[in-house]
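Notes follow the structure.
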Amino acid sequence: MKVLVPIKRVIDYNVKARVKSDNSDVDLANVKMAMNPFCEIAIEEAIRLKEAGTATEVVAVTIGAKTSQEQLRTALALGADKAIHIETDEKLESLHIAKLLAKIVEQEAPELVILGKQSIDSDNNQTGQMLAALTNRGQGTFASKVVVADGKVNVTREVDGGLQTVALSLPAIVTTDLRLNEPRYASLPNIMKAKRKPLDVIAADTLGVDLTPRVQLVSVEEPAKRSGGIIVEDVAQLVEKLKTEAKVI
Amino acid sequence: MKTLVIAEHDNGALKPETSKTINAAVKLGLDVDVLVAGLNIGAMSEKLASIAGVNAVLTADNAVYEHQLAESMTDLVLSLADNYSHIVASATTTGKNFMPRVAALLDVAQISEIIAVIDADTFKRPIYAGNAIATVKSLDSKKVITVRASSFDLQGDQAQAPVTTVEMVSASQLSRFVSVEQTESERPELTAADVVISGGRGMQNGENFALLNGIADKLGAAIGASRAAVDAGFVPNDMQVGQTGKIVAPNLYIAVGISGAIQHLAGMKDSKVIVAINKDPDAPIFQVADYGLVADLFDVLPQLESAL
């Protein structure tokens, strides 16, 4: 079974995003970038499927500028067998990404595609579901457990108020939630080995996908700051304030 | 054109997100129809029809929709989509699951988790875990939108609107429901609670979270946790409040032994009143707290429980 794992280069999750002074966007100049945390979980799950003998090949794919090859090399160091870079300098939306990925799905014919449930920059939570729609596959989103057996994948999903398990016929699309696994770190020998693994580059505009923007970014602002509060002396004063001033209890 | 809202429910009762999502939909300035899909939802359809601003209720009552699987929900919504310029659902795990699928098949973008409606095309939404707020304008003729319900108000009541039946039955075989495991709790759900009390790494271990129980009982509160507490293995992941966990905006949020990492603040800073209890006076949580108490939580929690 071949597993395709689309990944994204994003701001490192330990770095606080700052808004540009002209409010045009978030300032990413000289900011530390990394693989999106949910994508790390997706890579880890694919590698575990390979280690378990369920998957035979893990292919990582990303869409973005040349710099995103760093994240593909990380995926290769973690255990992916080959990588595909769809190169573009355009800022693309989830629908564009899903359409480009659908072309790769057509080419590679993976039985399972595992993606992160959302990226921590645009916070859209759309690409996996859109890819499932465009390729007419079943979807198991926000997965905390993935079991492949008998031409099916059972996905346990983190839903509001509990866990839901669905069975999808393969081929299928899975998106990862936090509890699915704990991603490993790449070892130094594997980082060296990754440099020799295949990485194909495809120009995004050769895939025949309309990349016209559908959403205009009008402005980006800092969120409203909370006005500073007060320090209370003790529990009695706290309860008094909550009752008479804030009136919330 | 009109707006179609898809109701959020658990087959037994409407969730409060539905009313708040209708509140957001009304701001689009168009007539609002509401679709409710599930099994044995007759009584719920009547209730929906009495929510202010609802023009008509469309009921799809069939076993196929009992678990609101993305594939069948998408077929259903697409069968109605021609009549609507805006399709709106709450950004719950149900809405987040099927709405992008609907958008892709309509060949339009989805605008995720809006927190404000500027006009029928323009919305505000948080990005970078709420560290920035983007104003975005949809250029598509049809809009697919999910709503962060905690940013909108509950709607009032009205005289009952008409309820009609949708006959369309999805035949999708792509996915099948296997099982559901509800978190057993007497307490309200984190995202719906009026009061939330959360513990952080300062709780020291999982057993100490029991210190929050008595307070939560008295306040009718849900109990949450910071990512640090979850990562340390004190409590399960579904209690996590933060960027990668639940986003909450209760009337009262009490942070106990939580330092206030960006990742946590992103999940609770829209709460109406924030109380922080921490023995470190320099903890960043105090910068967003309305009321701070610099003290050892192990002294404070029993006192607080008896004072309530």
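Chain A is the first sequence line, chain B the second, and so forth, proteins listed ahead of strands; every chain is numbered from 1. The basis for the numbers below is simple: all heavy atoms, side chains too, and nothing from hydrogens, waters or symmetry mates.
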Requested in this report: Go through B/His67, B/Arg101, B/Arg176 and name the one with the most non-hydrogen pairs under 4.5 angstrom from chain A.
Outcome: B/Arg101
Query raised in the report: Which answer fits B/Gln182, side chain, backbone, both or neither, if we ask what part of it has an atom under 4.5 Å from a heavy atom of chain A?
Result: both
Requested in this report: With a 4.5 Å cut-off on heavy-atom pairs, point out which of B/Thr74, B/Asn237, B/Val180 contacts chain A the most.
Outcome: B/Asn237
Report task. Let me know which of A/Ile43, A/Ile173, A/Leu49 forms a side-chain contact (heavy atoms from CB on, under 4.5 Å) with A/Ile114. Result -> A/Leu49
Report task. Below 4.5 Å from any heavy atom of chain A, which atoms of B/Gln263 appear? Answer side chain, backbone, both or neither. Result -> neither
Query raised in the report: Side chain, backbone, both or neither: which part of A/Arg137 has an atom under 4.5 Å from a heavy atom of chain B?
Result: backbone
Query - Stepwise side chain to side chain contact (heavy atoms under 4.5 Å, CB included) test for A/Asn124 and B/Arg125 - result: CA-CA 10 Å; A/Asn124 276 317; B/Arg125 58 177 303 266; 3.2 Å; yes
Query raised in the report: Are the charged groups of B/Lys96 and B/Glu113 less than 4.0 angstrom apart, N to O?
Result: yes
Query raised in the report: Taking 4.0 angstrom as the limit, do A/Glu221 and B/Lys124 come out as a salt bridge?
Result: yes
Query raised in the report: So does A/Lys145 have more than 12 non-hydrogen atoms from other groups sitting under 6.0 Å from NZ?
Result: no
Report task. Under 4.5 Å, counting heavy-atom pairs only, tell me which of A/Val220, A/Asp160, A/Val166, A/Val155 racks up the most with chain B. Result -> A/Asp160
Query raised in the report: Which bit of A/Val232 is near chain B, if near means a heavy-atom gap under 4.5 Å: side chain, backbone, both or neither?
Result: both
**Report entry** Charged N-O contact under 4.0 Å between A/Glu108 and A/Lys2
**Finding:** yes
Query - Heavy-atom contact with chain A under 4.5 Å, split by part of B/Leu219 - result: side chain
Query raised in the report: By a 4.5 Å heavy-atom criterion (distance strictly below it), what part of B/Ala132 contacts chain A: side chain, backbone, both, or neither?
Result: both
Query raised in the report: Strictly by modelled atom types, are A/Ser119 and A/Lys8 linked by a side-chain donor-acceptor pair under 3.5 Å?
Result: yes
Report task. Against chain B, work out which of A/Asn14, A/Thr127, A/Val10, A/Ile120 has the most heavy-atom pairs shorter than 4.5 Å and name it. Result -> A/Ile120
Requested in this report: Give, as side chain, backbone, both or neither, the part of A/Lys225 having an atom under 4.5 angstrom from any heavy atom of chain B.
Outcome: neither
Requested in this report: Could you check which of B/Ile127, B/Val300, B/Thr135, B/Thr146 has the highest count of heavy-atom pairs closer than 4.5 Å to chain A?
Outcome: B/Thr135
Query - Proximity breakdown for B/Gln303 and chain A, heavy-atom pairs closer than 4.5 Å - result: both
Query raised in the report: Counting heavy-atom pairs under 4.5 Å to chain B, which of A/Gln118, A/Glu158, A/Glu93 comes out on top?
Result: A/Glu158
Requested in this report: Count the heavy-atom pairs under 4.5 Å between each of B/Asp270, B/Val294, B/Val108, B/Asp238 and chain A, then report the option with the highest count.
Outcome: B/Val108
Query - Among the listed options B/Val275, B/Asp299, B/Ile277, the residue most often paired with chain A at heavy-atom distances under 4.5 Å - result: B/Val275
Query - chain B contact via A/Gln237 - side chain, backbone, both or neither, heavy atoms under 4.5 Å - result: neither
Query raised in the report: Regarding A/Asp22 and A/Ser24, is there a side-chain donor-to-acceptor distance under 3.5 Å anywhere?
Result: yes
Query raised in the report: Between B/Asp290 and A/Lys241, is the closest basic N to carboxylate O distance under 4.0 Å?
Result: no
Query raised in the report: Can you tell which of A/Asp234, A/Leu168, A/Ile231, A/Ile11 has the highest number of heavy-atom pairs within less than 4.5 Å of chain B?
Result: A/Ile231
Query raised in the report: Checking B/Ser179 against chain A: side chain, backbone, both or neither under 4.5 Å from a heavy atom?
Result: both
Query raised in the report: Between the side chains of B/Ser172 and B/Glu71, does any donor sit under 3.5 Å from an acceptor?
Result: no
Query raised in the report: Measuring heavy-atom distances to chain B, does A/Ala98 have an atom under 4.5 Å in its side chain, in its backbone, in both, or in neither?
Result: neither
Query - chain B contact via A/Ser94 - side chain, backbone, both or neither, heavy atoms under 4.5 Å - result: neither
Report summary line: Okay, B/Ile274 and chain A: the region with an atom under 4.5 Å from a heavy atom over there is both
Query raised in the report: Taking NZ, NE, NH1 and NH2 as the nitrogens, is one of them in A/Asp27 or A/Lys20 under 4.0 Å from a carboxylate oxygen of the other?
Result: no
**Report entry** A/Thr141 and A/Arg157 side chains, donor-acceptor separation under 3.5 Å
**Finding:** yes
Query - salt_bridge(A/Lys117, A/Asp177) N-O dist < 4.0 Å - result: yes
Query raised in the report: Within a reach of under 6.0 Å around OH of A/Tyr13, are more than 12 heavy atoms found that belong to other residues, nucleotides or ligands?
Result: no
Report summary line: In terms of heavy-atom pairs under 4.5 Å with chain A, the winner among B/Lys15, B/Glu181, B/Gln240, B/Met99 is B/Glu181
Query raised in the report: Is the count of non-hydrogen atoms from other residues, nucleotides or ligands lying under 6.0 Å from A/Lys16 atom NZ greater than 12?
Result: yes
Query - Top contributor to chain B contacts, counting heavy-atom pairs under 4.5 Å, from A/Asn154, A/Asp123, A/Val218, A/Thr165 - result: A/Thr165
Requested in this report: With a 4.5 angstrom heavy-atom cut-off, could you sort out which part of B/Ile133 is near chain A: side chain, backbone, both or neither?
Outcome: both
Query raised in the report: Do you know which of A/Val239, A/Leu163, A/Ile249 has the most heavy-atom pairs under 4.5 Å to chain B?
Result: A/Leu163
Report task. Ignoring hydrogens and angles, state whether a donor on the side chain of B/Glu8 or B/Thr92 is under 3.5 Å from an acceptor on the partner side chain. Result -> yes
**Report entry** Side chain / backbone / both / neither for B/Lys269 at chain A, heavy atoms under 4.5 Å
**Finding:** both
Query raised in the report: Relative to chain B, which segment of A/Val215 carries a heavy atom at a distance below 4.5 Å: side chain, backbone, both, or neither?
Result: both
